[in-house]
K.L.:
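Here it is, the structure in full.
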Amino acid sequence: MANKRVKPDTPEYRRWQAAWIALLACAFCIGIFMFLSRPYLPDAAFFALFVAANLMVFAAILINGVKMTRLREDCERRQRKSKASRAEEKRRRAEERERDKARLAGMEEMDESAMTLKEKLQHRARLSAERANIKGSGL
């Protein structure tokens with residue numbers, strides 16, 4: 001998981017990613033234009049385009065290195081917290097199931113009218129499973 005990069009699905013991240021892609025695409029297009037029109041461009045225009053393309057690449061590197069990395073790290077931190085909360089929820093549900101099993105085990109002699117619907121269904125399912133497992137049932 002350490003090598004897997006998280007891509008946040010937030011509007012802010014998408015805006016920064018669009019700006020990053022646009023800057024790289026513009027720098028690439030300017031580079032192609034400079035390469036193809038070098039014989040026809042004056043030196044000042046060529047130098048201005050060269051500086052502009054390099055500034056765009058530098059800005060894209062800054063956006064990726066500063067803003068997008070911070071947003072990805074925040075998303076990873078939130079996911080780690082949510083994993084911990086999911087594990088806690090899973091542990092809590094397991095404890096609840098164990099309490100339900102213990103309560104249902106003590107309900108064999110109880111009247112079904114005192115049980116909730118969920119407890120009735122679980123109780124009846126357990127009783128029918130026990131009956132099905134009795135040896136010599138004739139089946």
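Count residues from 1 along the sequence.
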K.L.:
Charged N to carboxylate O below 4.0 Å: is that the case for Arg92 and Glu88?
P.N.:
no
K.L.:
For the CD atom of Gln79 and the CG atom of Asp74, what is their distance to the nearest 0.5 Å?
P.N.:
11.5 Å
K.L.:
Residues in salt bridge (Lys or Arg N to Asp or Glu O under 4.0 Å) with Arg72, at least two apart?
P.N.:
none
K.L.:
Closest heavy-atom contact between Ala53 and Ala27?
P.N.:
O-CB, 3.6 Å
K.L.:
Residues in salt bridge (Lys or Arg N to Asp or Glu O under 4.0 Å) with Glu95, at least two apart?
P.N.:
Arg91
K.L.:
I'd like to check the side-chain hydrogen bond (donor to acceptor under 3.5 Å, both in side chains) partners of Arg78; sequence neighbours left out, ordered by chain and number.
P.N.:
none
K.L.:
Other members of the hydrophobic cluster containing Met56, with the 4.5 Å side-chain heavy-atom rule, please.
P.N.:
Tyr13, Trp16, Trp20, Ile21, Leu23, Leu24, Ile30, Phe33, Met34, Leu41, Phe46, Leu49, Phe50, Ile63, Met68, Leu71
K.L.:
Roughly how far, to the nearest 0.5 Å, is CZ of Arg70 from CD of Glu12?
P.N.:
5.5 Å
K.L.:
Can you name the salt bridge (Lys or Arg N to Asp or Glu O under 4.0 Å) partners of Arg86, sequence neighbours left out?
P.N.:
none
K.L.:
Can you sort out the partners of Arg14 under salt bridge (Lys or Arg N to Asp or Glu O under 4.0 Å), two or more places apart, ordered by chain and number?
P.N.:
Asp9
